[in-house]
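Note sheet for the following structure.
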Amino acid sequence: MRNMRWARVRLPPPALDAALALAFAAVSLLLGQKPPPLAGWHGLNAYGDVLTLLVNLPIAARSRAPVTVTVFVCGMWAVFVAAGYWPVVNCLAPLLALYTVASLRSLRVAVSCALIMSSVWWYAGATARETSMVTYVAQSILFSAVMIRFGVAARVSAKRADQLAAMAERLRAEQEDRARRAVVEEQGRIARELHDVVAHHMSVISVQAGMAGYVFTSDPATARGALRTISATTREALQEMRRMLKVLRADEDEPDGGSASYDPMPSVAALGEMVERIRSAGVDVDLRITGEPRPLAPGVGLCAYRVVQEALTNVLKHTSPAARATVLVDYLPHHLAVSVTDDGSPPDPATPAGATAGIQPTGGHGLIGMRERARLYGGTVTIGPRAEGGFGVHLTLPTSAREVRDVQRRED
């Protein structure tokens, strides 16, 4: 019913309206048994009792047909007055009917019904003997104004309640939508972290395991070195996985997540260790840092680390062991520029047909993760072939909140 032109008050159940009608009828009948205090009116008889019931009992339908009930009640009240009975006996039902019209219909309709009721009141004043007409007119105006005022207040209150209910429903829907988006975003973040951790470390382990198996009998020292690299890479992968699981299993009832501290997230400062792992896997990687190194926000540092990690993992998977890669980290005044390039050395002949050397320019969850990470921190990333051969990944991240806001404003 919220789409109706005029707001509805909370309608009482039909049983309540019926009980109210019976109560009004009983009170009117009891009041009519007493002799009228003014001369010219006479007490109720059988005919008066019937008219009294016809005035009061229709109140049971006031919520379903307020205007019709008001007109009928006022008409029966006029017949009651014309028969010479005291008007006050049945004045309550018309007043309640007028209140109902004001609460359920427009002000114009309520005023029209008030005029109908007042005309009966004025008719009673015209036929009275000991009371002046001015008294009846004043009473009709005052009581009509009071009933309309209370009815309009009830209608406005009901409309406001409907609006609040609609706003609460919209707010609940928006909260559910935000919660769903938050879950999706968190799932994407966890998926990116898992992909970066698993893909990189497993690629290194796979290469080192292959090398150890190849030289196991011919070069035991190299095989032992590969096994040491596998062991160190496995420990690092497990360390990162445990850190992620700590966050996911954090106790919501404890502000600190149920743990005293967490291991720091990897950042640009840890690129040296990553480069050493890739070198131990057979890819020659050159790490260069220019500019004045400075502390970075944890998110910015992690983003740069993961992009380099994904790029070097792709170099490891899609190039030959003789490939060369360069990682350049440039600390600019307001940005961090990171690039990873390779020389495009072809993969091993055992690589399946159709594989492309170097960092793959399109497709794959890793490249999607690069772009999502960069966009999350207001940066940009470009991936593609180089004119001199090979592929390159170029990442630019703002390192201040002001720069992030400027980038996001330009994107909007």
Looking only at side-chain N and O atoms, does D286 offer a donor or acceptor that is under 3.5 Å from a partner on T326? no
Hey, does V81 have a side-chain heavy atom less than 4.5 Å from the side chain of W41? yes
Just so I know, are the side chains of V89 and F80 near enough to count as touching, which here means a heavy-atom distance under 4.5 Å? yes
For the CZ atom on R149, are there more than 12 heavy atoms of other groups (residues, nucleotides or ligands in this structure) within a distance under 6.0 Å? no
Can you check side chain to side chain contact (heavy atoms under 4.5 Å, CB included) on Y331 and L296, steps first, answer last? CA-CA 10 Å; Y331 287 89; L296 301 172; 4.2 Å; yes
T127 (side chain) donor-acceptor with A124 (main chain) under 3.5 angstrom: yes
Carboxylate-amine/guanidinium proximity below 4.0 Å for D162 and R160: no
Tell me every residue that passes salt bridge (charged side-chain N to carboxylate O under 4.0 Å, His left out) with R170, counting only those two or more places apart in sequence or in another chain. none
Any idea how W121 and W77 line up, ring-wise: parallel (<30°), tilted (30 to 60°), or perpendicular (>60°)? perpendicular
S339 OG to D330 CG distance, which is reported to the nearest 0.5 Å: 8.5 Å
In the structure I gave you, are the side-chain heavy atoms of V109 and S106 within less than 4.5 Å of one another anywhere? yes
Check this for me, if you would: do D343 and R324 make a salt bridge, where the nitrogen-to-carboxylate-oxygen distance has to be below 4.0 angstrom? no
Give, for atom CG of N314 and atom CG of D342, the distance between the pair rounded to the nearest 0.5 Å. 9.5 Å
Any heavy-atom pair between the side chains of P398 and H334 that's under 4.5 Å? no
Can any side-chain N or O of R155 pair as donor or acceptor with the backbone N or O of L104 at less than 3.5 Å? no
Fit a plane to each ring of Y85 and H42, take the angle between them on a 0 to 90° scale, and name the class: parallel (under 30°), tilted (30 to 60°) or perpendicular (over 60°). perpendicular
Does atom CD of Q163 have more than 12 heavy-atom neighbours, drawn from other residues, nucleotides or ligands, at distances under 6.0 Å? yes
If you look at every heavy atom in V300 and L397, which pair is closest and at what distance? O-CD1, 3.7 Å
Going by heavy atoms in the side chains, are V340 and L312 under 4.5 Å from each other? yes
Are more than 12 heavy atoms, taken from residues, nucleotides or ligands other than R294, located less than 6.0 Å from that residue's CZ atom? yes
So CG of L395 and CE of M370: to nearest 0.5 Å the spacing works out to 9.5 Å
Decide side chain to side chain contact (heavy atoms under 4.5 Å, CB included) for S140 and M117; before the verdict, give the C-alpha distance in whole Å, the side-chain angles of both, and the deciding distance to 0.1 Å. CA-CA 8 Å; S140 65; M117 188 192 72; 5.8 Å; no
If you count every heavy atom of other residues, nucleotides or ligands that lies below 6.0 Å from R178 atom CZ, does the total exceed 12? yes
So that I can tick it off, tell me whether D17 and R62 are bridged by a salt bridge, with the cut-off set at under 4.0 angstrom between side-chain N and carboxylate O. yes
Supply the atom-to-atom distance L30 CG to L44 CG, rounded to the nearest 0.5 angstrom. 10.0 Å
Could you walk me through whether L53 and D49 pass the side chain to side chain contact (heavy atoms under 4.5 Å, CB included) check? CA-CA 6 Å; L53 293 177; D49 291 342; 5.7 Å; no
Can you tell me if Q309 and R306 form a side-chain donor-acceptor pair at under 3.5 Å? yes
I'd like to check R386 versus F391 (side-chain heavy atoms, cut-off strictly below 4.5 Å). Are they in contact? no
